[in-house]
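What follows is one structure encoded as structure tokens, with my remarks underneath.
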Amino acid sequence: MKKDTYSLSGILGELPLEVQTRTKLSLAIANRIENLMREKGYSKKQFAEALGRRPSEITKWLSGEHNFTIATLARLSAFFGEQIIAVSE
């Protein structure tokens with residue numbers, strides 16, 4: 001019997017390049033936010049309260065499925081005092 005094995009790179013490899021890129025960027029942003037939360041000592045609940053958001057929204061942000069606006073990324077950068085993303089000119 002053949003054993004099916006799936007890896008994230010294998011699954012992503014089947015998607016169009018645009019979707020692969022969007023997924024990687026979304027996960028990178030979510031990871032950056034989560035790392036900054038840890039560095040600053042915020043739980044999801046504390047972070048949500050500080051931003052006036054619901055904890056469920058923070059959970060969605062950290063899942064990598066949220067489509068952040070530039071305004072939200074700027075607000076988060078200001079909140080943490082560090083860039084969330086960097087764009088080279």
- Query: Does the side chain of N35 come under 3.5 Å of the side chain of R38 through a donor N or O and an acceptor N or O?
  - Reply: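 Distance-only check passes for N35 and R38.
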- Task: Answer with yes or no whether the side chains of S56 and T59 bring together a donor and an acceptor at under 3.5 Å.
- Result: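 Distance-only check fails for T59 and S56.
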- Do I85 and L76 belong together in a cluster built from hydrophobic side chains that touch within less than 4.5 Å? yes
- Nearest 0.5 Å please: distance from the CG atom of L27 over to the CZ atom of R32. 15.5 Å
- Message: Counting C-beta onward and ignoring hydrogens, is there a side-chain heavy-atom pair between I33 and F47 closer than 4.5 Å?
- Response: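 When only atoms from C-beta onward are counted, F47 and I33 do touch, with a gap below 4.5 Å.
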- Query: Is any side-chain heavy atom of L62 closer than 4.5 Å to a side-chain heavy atom of M37?
  - Reply: yes
Should we count [atom1] of [X] as having more than 12 external heavy atoms under 6.0 Å?
| X | atom1 | result |
| --- | --- | --- |
| R54 | CZ | no |
| E39 | CD | yes |
| K45 | NZ | no |

- Message: Below 30° counts as parallel, above 60° as perpendicular, anything between as tilted: where do the rings of Y42 and F80 land?
- Response: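 Geometry flag for F80 against Y42: perpendicular rings.
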Any sub-3.5 Å donor-acceptor pair from [X]'s side-chain atoms to [Y]'s backbone N or O?
| X | Y | result |
| --- | --- | --- |
| R22 | N67 | no |
| S26 | T23 | no |
| E49 | Q46 | no |
| T72 | F68 | no |
| R75 | I70 | no |

- Where at least one partner belongs to residues 15-36, residue pairs that pass ring pair (Phe, Tyr, Trp, His ring centres under 6.0 Å), sequence neighbours excluded: none
- Look at K44 together with E34 and state whether they make a salt bridge at an N to O cut-off of under 4.0 Å. no
- Task: Over all heavy atoms of both residues, which pair between I58 and R53 is shortest? Give the atoms and the distance, please.
- Result: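 Of all heavy-atom pairs spanning I58 and R53, the closest is CD1-CB, 4.3 Å.
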